[in-house]
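Step one of this worksheet: look at the structure below.
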2 protein chains.
Amino acid sequence: MPVTLKELAARANVHPSTISRVANNDPGLRIATGTRSRIEALLRETGYQPNGIARGLKLRQTNVLAVVIPDVTNPFFAALFRGVEDVAAPRGFNVLLCNTDGLPERQRSHLQSLQARRVDGVIIASSFLKDPSVRDLRGQKRPFVLVNRFSDEGEDPFVGSDDLLGGQLATAHLIDLGHTRIGHLAGKSTVSTGMLRRRGYLAAHTAAGLVADPGLVVEAGYTEESGAAAARHLLSVPDPPTAVFAVTDMVALGTADVARQMGFRIPEDLAIIGYNDIPLASRVSPGITTMHVPIHEFGSVAGRLLLDQIENDEPAQRRVRFTPDLIVRESTVAGLTRSGRIARSNSSAE
Amino acid sequence: MPVTLKELAARANVHPSTISRVANNDPGLRIATGTRSRIEALLRETGYQPNGIARGLKLRQTNVLAVVIPDVTNPFFAALFRGVEDVAAPRGFNVLLCNTDGLPERQRSHLQSLQARRVDGVIIASSFLKDPSVRDLRGQKRPFVLVNRFSDEGEDPFVGSDDLLGGQLATAHLIDLGHTRIGHLAGKSTVSTGMLRRRGYLAAHTAAGLVADPGLVVEAGYTEESGAAAARHLLSVPDPPTAVFAVTDMVALGTADVARQMGFRIPEDLAIIGYNDIPLASRVSPGITTMHVPIHEFGSVAGRLLLDQIENDEPAQRRVRFTPDLIVRESTVAGLTRSGRIARSNSSAE
DNA sequence: TAGGCTAGCGCAATCGTTTGTTCATCGGCA
DNA sequence: TGCCGATGAACAAACGATTGCGCTAGCCTA
């Protein structure tokens with residue numbers, strides 16, 4: 001059992017409060033040098049660590065953050081988490097990781113648990129932003145930041161990419177390559193990323209004077225499996241597309257698998273572009289052309305926003321949006337180097 | 001600000017303790033049905049959630065676990081974490097994730113912080129098991145479980161694979177294929193996985209009546225970069241090996257990259273086998289032959305061991321060791337299917 | 001009608017810190 | 001000698017929940 005203030009007080013023949021002030025380096029503290037050194041020696045000797053629970057109760061601050069994501073096994077979210085922890089740890093915060101598996105009830109129970117635990121702030125990069133549990137969060141004055149996906153309800157702090165532009169750039173790349181029948185494996189239209197990237201897809205068509213065939217847009221979810229299923233469907237139509245824009249790299253990977261199985265050569269028969277530039281995208285063969293976004297920075301910026309909100313006690317209603325960069329690999333252009341080519345780099349904040 | 005017991009007590013005209021007993025469904029509680037229903041209505045209406053901090057202070061239990069790993073961005077550790085969370089969440093525990101980046105000082109500061117926070121248990125899958133911080137953990141009666149790597153100090157609870165056997169099986173596979181000059185990109189000899197897999201490598205040679213060339217064993221660390229560097233070195237010797245056993249899949253991946261750059265065809269000029277069977281190993285081309293270990297189960301079993309230790313308050317000094325399975329892919333045998341072949345499956349516990 | 005039993009709650013200590021306030025002591029100065 | 005201002009440290013009230021114990025009615029029984 002770790003040593004307590006009271007025990008130390010008994011050993012040093014002083015009151016617990018005196019030990020506390022010495023341990024916390026109370027600036028306005030007047031104390032005899034003898035007493036101080038006696039206490040300091042005791043502190044060092046016992047390696048006293050104040051009980052964080054008791055401290056949290058008194059100070060109403062736990063120094064704990066939480067990150068809520070679908071699945072840390074997905075490299076996108078793993079990188080995101082690292083971004084958060086990398087700014088949190090130096091500031092003395094620990095970070096809870098909560099996986100929802102995309103299940104609303106798991107998100108809800110996690111959020112409840114976090115609330116009971118009085119975590120100082122929450123970073124949410126899962127779905128179900130319109131869930132009552134998220135509204136509760138807004139209702140409580142518990143600070144939180146949305147990442148990657150945002151909700152149109154309220155002006156929640158947000159960090160993510162410019163998905164409209166990203167969808168547009170991705171599609172424009174395919175158009176530049178001469179494609180005219182371009183499919184889209186879309187995200188859910190209820191999720192900001194899904195809706196905006198789809199809009200970008202359409203905008204690129206319009207800008208190029210093309211009309212998008214509505215029959216070539218299929219909702220594909222976000223996992224490799226769901227992407228594969230949707231791709232199978234999309235590639236089975238009578239006049240299949242010669243290129244597809246997949247809403248995420250995972251979906252693109254599923255698509256590549258299915259396309260190969262169905263006898264499509266990539267990129268000759270089917271060009272594929274993804275989104276996010278997860279590490280896996282550059283490792284598979286052929287490498288997946290994709291829109292690069294700074295995933296780690298999503299996390300670190302969100303973490304900073306959250307910590308500022310906590311420490312300065314200010315609302316910090318900011319929205320940070322990074323500009324995605326096109327990375328061209330073999331899944332759209334044959335005969336490239338493996339690492340891909342970066343087009344340009346940028347970021348903006350409102 | 002969330003509602004407290006005291007406030008509810010005032011609204012229901014009872015003492016806080018009565019509310020507490022109703023909320024906690026105190027079994028031996030005698031209470032008038034009218035009072036009970038009045039309180040229950042109030043609880044539902046306000047959505048009362050007991051303050052976890054205060055609760056933790058009184059009950060001396062936080063319902064928080066921590067997982068300490070080098071880097072969650074490494075798919076091995078991400079899967080491990082999921083295993084832990086999947087058993088912890090249903091039991092009402094939240095899980096802190098601490099990345100050390102393989103830095104002893106970060107491990108130390110994390111462990112200190114966890115101790116101050118009075119987490120109920122810690123799962124350690126990082127290096128530096130002989131660090132004072134780990135000894136402290138043993139000294140405190142705070143429950144913990146080692147995963148993947150263990151220390152020869154004491155009989156700490158442990159979950160991992162049979163690394164000696166794994167190293168032996170991996171090397172035997174290469175020998176079976178006719179290789180006689182087999183290199184080993186080894187882990188650190190101070191780490192159990194490194195030492196045991198290396199011993200297995202040697203044992204397989206002995207069993208086959210071969211002598212291992214000490215010049216073909218190079219320490220390679222555990223990351224892709226360090227593996228690549230070591231591989232470059234190993235493949236530059238006058239009479240390079242025709243096959244290598246890499247201590248982990250990440251090292252194997254780095255090796256494959258370097259080998260290709262140096263003009264080796266895989267597997268014709270150089271066969272490569274890794275260890276762990278991370279998802280990436282089956283996705284790259286050529287697929288990496290490897291020793292499969294149940295990573296997710298490492299986490300779930302470790303979590304269960306830890307939770308039993310916490311809830312039953314028993315030491316639970318157990319060591320669980322899984323038998324690794326050989327998965328053959330194209331990096332050792334040309335012309336296989338992509339998914340690989342599983343040899344057999346098993347697990348044992350002391 | 002007195003005594004005892006029980007149902008139904010309230011009391012108060014406790015967990016370990018933090019922090020505003022009070023209190024005693026001592027030296028200096030008039 | 002008497003008073004005053006520092007100085008150095010103790011006091012005590014929080015923070016919010018849990019829990020063993022005690023207390024007060026009311027009812028039953030003898």
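In what follows, chains are A, B, ... by sequence order, proteins preceding strands, each numbered from 1.
- Closest-nucleotide positions on DNA chain C for B/R21 and A/L57 were compared, and the one nearer the 5' end corresponds to B/R21.
- The stretch residues 27-40 of chain A comes close to DNA chain D through A/R30, A/I31, A/A32, A/T35, each having a heavy atom under 4.0 Å from the strand.
- Cation-pi contact between A/R11 and A/Y48: absent, since separation from the ring centre below 6.0 Å together with deviation from the ring axis within 45° is not met.
- The two residues A/F150 and A/S192 come nearest to each other via the heavy atoms N-OG, 3.0 Å.
- Under the rule for a salt bridge (charged side-chain N to carboxylate O under 4.0 Å, His left out), A/E7 has no partner lying at least two apart in sequence or in another chain.
- Taking side-chain N and O atoms only, A/Y48 has a distance below 4.0 Å to OP1 or OP2 of C/dT17.
- Here salt bridge (Lys or Arg N to Asp or Glu O under 4.0 Å) pairs that include residues 89-102 of chain B, with residues two or more places apart or in two chains, are A/R82-B/D101, B/R91-B/D308, B/R91-B/E311, B/D101-B/R106.
- Side-chain contact between A/R142 and A/D136 is absent, with no heavy atoms from C-beta onward closer than 4.5 Å.
- Taking the screw axis at each terminus of the helix from C/dT1-D/dA30 to C/dA30-D/dT1 from five consecutive base pairs, the angle between the two is 80° to within rounding of 10 degrees.
- Bracketed by its first and final contacts, the part of DNA chain D lying under 4.0 Å from non-hydrogen atoms of chain B reaches from D/dC15 to D/dG20 in 5' to 3' order.
- Sorted by residue number, the members of residues 2-18 of chain B with any non-hydrogen atom under 4.0 Å from DNA chain C read B/N13, B/V14, B/H15, B/S17, B/T18.
- Side-chain nitrogen and oxygen atoms of A/N24 include at least one within less than 4.0 Å of the OP1 or OP2 phosphate oxygen of C/dT18.
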